[in-house]
Every structure is written in structure tokens, then in C-alpha cells.
Amino acid sequence: MGIIKVRNATFSYGRENVFENIDLEINAGEVFCLFGPNGCGKSTLILCMLGVLPLSNGQISLGGRNVRGMKPSEVAKVAAYIPQSHEKPFPYKAIDIVLMGRTAHTATFSPPSPADRKIADEALEKVGIAEFRDRPYTQLSGGETQLVLVARALAQQTPILIMDEPTAHLDFRNELNFLETIVKLVKQSGLTIIMATHFPNHAFYFEGIGVNSSLALMNNRNIAVKGNPFEVLTEENMENVFNIKSKIISYTWKDETLRQIVPLETS
Amino acid sequence: MKLRKTVILISVLAVFLLGACSNTPAATTTPDENIETITVTDSIGREVKVPEKVERIAALYSFAGYAVCLLGSGNELVGVPGGLQRDLLLIEIFPDIADASTPRVGGTINIEELLRIDPDVVLVRKDTVADDREVEKLDKSGLPYIVVDYSTMEEQREAILIIGKAIGKEAEATAFNNYYLGIIDRVSQIVGDMPEEDKITLHHSENQATRATHESSLAADWTRAAGVINVSVGGDLELVGNDYYASIEQILLWNPEVIIVNESTAYSLITGHPQWSGISAVQNEKVYQLPNGISRWGHPGSVETPLALLWTAKTVYPDLFTHIDMEQEVHDFYKTFFDMELDDEMIATVLRGGDLREDK
Amino acid sequence: MIALLVAGPVLIILVSLFIGRYPLSVSEVFTTLGFRMGLVQADIPATHLNVVWDVRLPRAILGAMVGASLAVSGASFQGMFRNPLVSANILGVTSGAGFGAALAIIMFDGQTFFIYLFAFAFGLLAVILSYLIGTTYKATPTVMLVLGGVVVSSIFSALISLLKYIADPFDQLPSIVFWLMGSLASARFTDIVIAAIPMLIGVIGLLLMRWRLNVLSLGDIEARALGLNVLIAKSLAIFFATLATAGAVCVSGVIGWVGLVIPHIGRMLVGNNNEALIPVTISLGAGYLVIVDNIARTLTGSEIPLGILTSLIGGPFFIYLIRRTKARGW
């Protein structure tokens, strides 16, 4: 079942270990939230999963293959990446950016084929931003840009999407809109989603809306607890792992019992 | 044209103002009181006291170096321009030149080096004293320096005489100048009265194929004396660095009947490059390389100007100069002024040009 | 679109056959061309053939190739370094190549092969050095890269001056000086064939991988995550851009600013997608340099070296760009 398996993974810059001895298994078709404070090593772990950074020790397998032995184009056919922040180097049109999702499918000396262009258009459509197609993406808002990047990831046609704090720069409404888009995609096409986040309620949101989801708490270079959100996001765990006193509250909406975690004080 | 005039006007004004504000070269220098001195008036009218007996000479540009050698004092050169060290024939006559100091490199004087070699007299060109910084260096050094410059044959002879006086070789200088005048006279007797329309048109390529004679240069004077129409004299030329160039289309338009060059690379370019192929001189195989003796004949810094003049006249008008035996002329010139007996083979080498100057 | 991009420079090349100091009427030029191509039987003066076929035509063709090379390498450097303010010139590639070529003129007596080899090798060295300096301070990569280029450029300019100092003032110096200023004056067809090899490889290489330049411009991490082997792609792009630049420098000396001005005009016209930008840049660069060269050789009796004119146009344009960059996030 494990579409991504992380075994005994350690990564270090120089002598400093960013994380060490991490074991994880992410199942196909689930939304996996990697929760932890800023600077705990989430982004680094994600880049290691994508083969962009090499592990110092241990191994990561992606779709059954050791990511270390895969070419960039092979990785990009299995997992797509949505970065935390995207620097806009030139005012490309939205469609140009989405089309770049087809990189792994084109040869060095040839431009994308008409089929590639069709896939890119469909990806825009799927995310619901077809009207932005010919707009310079430098003129789009943060939320819109994030959706363009999701469309680009979809154009890669991979079974896995890996996102690094995708909602970090979004406002209240855009954050919800983004999450709804993700849910829609998972339900439609059975994607596996890995999402680094520092909002624990994202995991409750996915669970509550009926998507297979799991969660790992990361702190002090390691994974402290992992499992489904209901088991992991507890008041005890928040206290033990992050030294936060918190309260889980539950409420009913549209006949579903939903949960939220509310932070109370640091201890 | 208007732009150019403006530029010239501004330049003239600038030079004038600079001249007015800055120290003009000191008119006299005062060497050691105990040494007998003579006074020499240089090309720009300065009166300079130099020792009566000069034993160490620094020549800071090529003409001065050649002239000193011509007047028989080559062994007294302690400072030379670098170019002289590649003139093979000259080195053969005055081997010490090869190891002499080169106190002026890249257009500036290394004053410490100049002081180290301690010359009795320094020979410089006008462009050196046009630079206030160079003047200041020379003035502060206390070395007597003589400015020698020319842009006509007459001024060139005057320059030889000035150098002759300064280094105690006035008689030799006068002898050379008489020879110089004699050559001009011999050529003038034949081509002097030639009507303009009968004269042959000529392009004088200086180092680079398209680098041409400017109207206020020595070459304009000696090519005129050789009885040819130098096509670029009075023409529209472009200044690049310190040199004047013509465009290839302009040369095609002039369509000279004869081309003389002083560099073998320019020779092969002109005779081999398709752009030049339609020019009358190329089509009729009248492209000639100027000879090269102790220096490149006809070059602005050369002392072999009279030979260049004679050779050009004979080359352009062979039928009018059948009585001139160029081999004999070459032999006599180097015998008279350099006390060197050239064999036939060497004379042929000189006349062929190009082989006696070492590549760098 | 493609037809327009090809027709533009071709038309400009054709027009330049009618421009020059040598007075030739329009019909004379046509007759000469027709005769040379075997279409017309006529008695053509040899100088007419020279002027049209050996002076103006090769010069215009070479000018077009040089312009295309400099422009496309500029656009590519901008893309791959994600920096709108760079070009081969600003990154020190042209000075590096100029130094290499000047070194080869002195060391190998101007043998063509070594001139090209050295120009390329030192051009490559220059861009690598600039890049390394540019990565020193991650906070301001755009400015640092430009500064790195300035440093490298000035080092190589100083080395060129050193070479001029060493060179023979009579023989080698004038040729180095004149050549560094940039001129297409003595271009002949055999030169074109040799010079065309590096320039065409560079230009065509960049043209083919132009879409990859878009991906490269997203930065190393994203480009790699999208499936690009960044090291290979970047190396290839630098290789082609440097090859094109070195080829151009070898025939025409250091001609500044084309690589900065032209890509930006292209960006104004068709936007920033390299798929369209690269072909447009090639076409504009080719046309631009031929026009500037036509101006250079008709303004005066001889020629104002091209480098002077392109700098006069390019310098102020650069200032404009910096202002624009500041105002509109470029």
C-alpha cells in the first residue's frame, strides 16, 4: 500500500542534522499532513522525497523505487511539487506556467506537443481558473497563483502531489477555497497528497469531509506521533510534543461531527 | 562635416586653455656647471643646453633612434624604443641596441628607468610634451630633453640637423641632408614637370590595408615628391586611435592604379581578399611591398625616406627611371651612412621587404 | 509569423546592398546582383561586383549573424539566470572572449582556430566566475550577478589593456585595438563560413531548447521538481550562449549592448515566453545590427566602429530598463 516509504532517513547540512532516523509510510489515495512548527525540517524532508536533496542516511522509496536512483524526469512523472513560495521571475501567462508541468514529458530540444498543450488547458479547467489562462500570472493574487501551481502539478499527471505549506500566504477565504479544490481533486481522481502545514485543523478538515487522511507530528528533528487525525491530534499530544495547552472542540454541521483544535496557552 | 568642425574647434579651444593654465615646458635646463655645454634649439623652439660631449643618448621614439644610428652614434644609445630591437639589420650593426633599456613603453615614460640609465640627452617627440604629466616628469628629472618632430620632408631634415647638433654629429647630419636633397632633386628632374593628368594614382597602405596617408603627414609629402597622386591625401578619412583609415568602399571609389604597402600581412590581404580584387592596382598586379632596411622605408619614423621616394618613383614609373639602379643605390646608402657592405643577397632581401623586421 | 521573422532581416540585408560610400544606382545594384547570380547577361565593372558582392553582402550577412548571436545569448542568459539585467556583455562573456581572442592573436600569430578556441574558453570562464560571484549573497541575487559581471568584465578589460601594452605597437596593437572596437569591414565569404559554425550552433541550439529556458527560469529547485536535469540543461544553455557570443566576438570584436537591448524590445513585443521571445530576438538582433552597421559605414568616410554606436544606444537604454525594473517589478 505504501506509495511513499521513508526508512531511517537522516539529512544533515554539514554536521547539523536537520532530521534524523525518520520512518514514514504514506498510503496511496490519502491526504497526509506533515504538521510541525517552522524550521522543524518539513520542507527539507519534502525535498528529499522529491530527490532534490540527497539523504545523508537511510532511504526513501517513491512509487516502489528508490528515489536516489531516479532521474529528475522519472520523479516528475510520479510526484508533482507545489512550493511554499514561488518567486515570479518573468510575467509569464498562467497557461505558460501550467504547461511547464509537461517538462518531464518533452525532450531537451523540442517544445511541448499539441497533446501537452491540451493537457495543460484541461488542468486549468479542472482547477477552475480557465479564465486566467492568458493573464500574466504576475498580476494574479496569492491564492490564484497557488491554484495555477496546482494546475501545473495536475498537468504533470502524477499519482502524488507534494505541497509545502501551500496555504501559508493565503487569506481566510482563499485558504478554504484551496482546501476545497484539493478535496475535489482527491475525490475525483484518487490522488495521494502530501502536505506540510502548520495548521493542525487542516487534518481535521480533511477527516471531517470524508477523505482518507493521516497525520504526523514533527518536532525536534523527528516524527513524534503519526496516525489518523483523530488519534494523533489530542490534547495530550499537543502538550507532550509542542508544549501547548489546547482544547479539542467538536460540533455538528450537515449531520457530520467535525473537530477543531483550539490553542489556549503555551506552557 | 559640421559636427567634425565643432569637434575640432572644441579640441583647439581645450588645447589652448590647457596650455594657458599649465606649465609650459621649461625653456632651459641647467646641467652641472662644470661641464661644457652647447645650446640647441629644438623643433618647438625651445633652447636646450646639452653637454658638448654626449656619450649616453636616450631616444624615446623610433625616428630619433634611427637618426642617432644614421649619424653614427648607435653605440651611444642607452635607451631606445622597443620597436628598434626588432630591426634585424640595425641590431646587426649596433648589437648593443638589443640589450638597451626601453624607458618609454605604452606611451608613457618610466622616469625612474630613465634616470637610472642616466643619459646626457633625451630625444622625445611632440606628442610626449603635449602631455603635461610627461612634461612635468621630464622637467623634474633635470635631464636635458630635446623635442624633435616633423610632418614634411623639410622638417624631417631639420629634425636630423637638430639631433646632429645635440649629439655632436652636425657634419654627418648635413651630409645626410645633402644626400636627401639630392634624391629629391634627381626625382624632381624627371617627374617635377609632369602634368597632373599624367600622374599615376597611388594608395599608400600603412601597416593596415585600409590605413591611409593623411594630408598632414610625412608620407603625403614624399609621395607627392615621387610624382604620384596619393589618393587619400585630402580625402575623407576616419581617425581611429592615432591613425587615419579609409573605408574599403572609399578605396574602391578612388580605384588607385598602384598600391604600395609596408607590411606583408597587408600585402597578402590586398592581393588575396576578394573585396580588393576589382581595384585597378590589384587587377594589373601593381601592388608592391615597400623595402625594409634598418627600418620600414616610408614609415613615419624611418630615416630611409629618400630611398622610399626614389624607389616609389622608379616602381611607379619604371620607364622613366631606367637609369636608376636600385641595387646600387641601396648598396651605396648603407655603405655611406652605416658603413655596412651589403652583399647582393642582402640587397635583394632589403628590396623584397618584410624579412628584416622580427615579429613580436 | 515565421515568414515575417525571416523576411525582416533578409529585407534589411537586401536594402543594405544599396547603401554605401561608393555611388551605385538602384538598377546598377540589381544588375550586378543578377549578373552574379547568373540571371542577367551584362558587362559589369569589376568594382561594382566588389562593392555589392564582396563588400556589402558579406558584411551584411555577417552583421546579421553577429546581431542574432549576441541578442539570443542575451535573452538566454536573462532567462537562465532569472535576471532581466544581464547579457553576455554584462556577464563579462564578451570581454572574456575578447581577451581570449587577443591572447591568441599574440600567442599564435592570429591562427583562426586558436582565436575561436580561446575566445570560447575565456568567455566560458568569465560567465562561470560572474555566476559564482553572483551566488555569494543570496539576498540580492539580481544585483549581485550584475556586480559579479562588472567585476569579471573589468578584470578581463584590464587584461586586454595589459595585452595591448605588451603587443607590438606597430603591428599587433592597431589590429587588436581596431578589432576590439568591433567592425565587420573586412568580412569575406570564407570568413563567414568559418565564423558561422560556432554562431549557428549556438543560435540553433538555443532556438531548439528555448522552451527549456522557461523552465530553467523558475529556479533550480522547481525546475528539477518539474523533471528537468538542471545541471545538464543549464550547462547546455550556457554552452550555446557562450559559443554564439564567442563566435560573434571573433569576427567583429566586442560589440556591446545588443544582447541587452534587443531581448527587451522582444519582450515588449511578444512577452516573456521564450518560445516566442527567442525567435523574435534572433530576428530583431539580426536586423538591428545590420541597420546600425549601415549607419556606421555611411555616416563618415571611414567607419565608426560598431561598438561605439551600439554603446551609445545601449547605455541610455540600460538606465531606462533599471528605472522600469524598479517601477514595475520589471
Side-chain angles (χ1 to χ4, degrees), chain A residues 43 46-47 49-53 70-113 116-117 134 136-139 149 152-153 155-158 161-164, chain C residues 75 78-86 138 141-142 201 204-237 239-240 263-264 266-268 270-279 324-325 328-330:
Chain A
S43 299
I46 277 180
L47 291 177
M49 287 178 182
L50 288 161
V52 173
L53 295 175
M70 292 167 80
K71 289 191 232 160
S73 61
E74 290 171 334
V75 174
K77 284 173 185 168
V78 181
Y81 172 60
I82 295 168
Q84 177 182 359
S85 62
H86 171 86
E87 206 183 305
K88 298 171 180 174
F90 296 97
Y92 293 117
K93 289 178 193 169
I95 184 67
D96 297 336
I97 294 291
V98 176
L99 193 53
M100 291 187 208
R102 301 303 295 164
T103 303
H105 301 265
T106 58
T108 303
F109 289 119
S110 63
S113 67
D116 290 323
R117 290 171 205 274
D134 294 315
Y137 86 132
T138 41
Q139 293 175 8
L149 296 182
R152 182 179 76 184
Q156 269 180 262
Q157 295 185 321
T158 55
L161 294 192
I162 302 183
M163 312 179 187
D164 191 359
Chain C
Q78 287 165 12
M80 79 183 97
F81 290 134
R82 328 171 63 188
N83 191 331
L85 297 180
V86 301
K138 292 215 164 64
T142 310
I201 292 176
I204 291 172
L206 291 171
L207 187 63
L208 288 176
M209 66 181 297
R210 65 188 189 276
W211 189 74
R212 282 286 200 259
L213 291 171
N214 285 351
V215 183
L216 268 180
S217 75
L218 297 182
D220 290 359
I221 291 177
E222 274 190 56
R224 159 139 191 162
L226 287 170
L228 196 63
N229 190 324
V230 174
L231 186 67
I232 290 178
K234 218 179 223 178
S235 306
L236 262 181
F239 171 83
F240 287 131
H264 283 285
R267 290 176 199 282
M268 291 172 196
V270 296
N272 292 279
N273 187 343
N274 288 298
E275 269 195 277
L277 178 64
I278 294 291
R324 185 181 139 97
T325 306
R328 307 227 317 236
W330 116 273

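Reminder, nothing fancy here: chain letters follow the sequence lines and each chain counts from 1.
- Each of A:Glu87, A:Lys88, A:Arg152 was compared with C:Leu218 under the side-chain contact (heavy atoms from CB on, under 4.5 Å) criterion, and only A:Arg152 meets it.
- When heavy atoms are compared at a cutoff of 4.5 Å, A:Ile97 approaches chain C solely by way of its side chain, counted from C-beta outward.
- Annotation: A:Leu53, atom CG; neighbour count of heavy atoms from other residues, nucleotides and ligands within 6.0 Å is above 12.
- When all heavy atoms of A:Pro83 and C:Glu222 are compared, the pair lying nearest together is CG-OE2, 3.5 Å.
- The shortest non-hydrogen separation linking A:Pro112 to C:Glu275 is CD-OE2, 4.4 Å.
- Counting only distance, with no hydrogens or angles, the side chain of C:Arg210 and the backbone of A:Pro111 share no donor-acceptor pair below 3.5 Å.
- Evaluation of the ring pair (Phe, Tyr, Trp, His ring centres under 6.0 Å) rule for C:Phe239 yields C:Phe120 as partners, not counting sequence neighbours.
- Partners of A:Gln157 according to the side-chain contact (heavy atoms from CB on, under 4.5 Å) rule, which considers only residues two or more places apart in sequence or in another chain, are A:Arg102, A:Ile119.
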Apply side chain to side chain contact (heavy atoms under 4.5 Å, CB included) to residues C:Asn214 and A:Met100 and explain how you reach the verdict. CA-CA 8 Å; C:Asn214 285 351; A:Met100 291 187 208; 3.5 Å; yes
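- Top candidate by heavy-atom pairs under 4.5 Å with chain C, chosen from A:Leu99, A:Val75, A:Leu50, A:Thr106, is A:Thr106.
- Residue C:Arg212 touches chain A through its side chain alone, counting heavy-atom pairs closer than 4.5 Å.
- Scanning both residues, A:Ala104 and C:Gly227, for their nearest heavy atoms gives CB-CA, 4.3 Å.
- Contact count against chain C (heavy-atom pairs under 4.5 Å) is highest for A:Gly51 among A:Gly51, A:Ala79, A:Ala80, A:Ser110.
- At a 4.5 Å heavy-atom cutoff, A:Thr158 makes no contact with chain C through either its backbone or its side chain.
- Residues A:Phe90 and C:Asn83 share a closest heavy-atom pair of CZ-N, 4.3 Å.
- Residue-level contacts of residues 229-237 of chain C with chain A, in order of numbering, are C:Asn229, C:Leu236; threshold 4.5 Å between heavy atoms.
- The list of salt bridge (Lys or Arg N to Asp or Glu O under 4.0 Å) pairs with a residue in residues 103-113 of chain A, not counting sequence neighbours, is empty.
- Neither the backbone nor the side chain of A:Ala153 has a heavy atom closer than 4.5 Å to any heavy atom of chain C.
- In this structure, chain C has a heavy atom under 4.5 Å from the side chain of A:Leu47, while its backbone stays farther away.
- Both the backbone and the side chain of A:His86 come within contact range of chain C, judged by heavy atoms closer than 4.5 Å.
- Using a 4.5 Å cut-off between heavy atoms, A:Thr108 touches chain C through backbone and side chain atoms alike.
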Would A:Phe109 and C:Ile204 satisfy side chain to side chain contact (heavy atoms under 4.5 Å, CB included), going step by step from the backbone distance to the final call? CA-CA 10 Å; A:Phe109 289 119; C:Ile204 291 172; over 6 Å; no
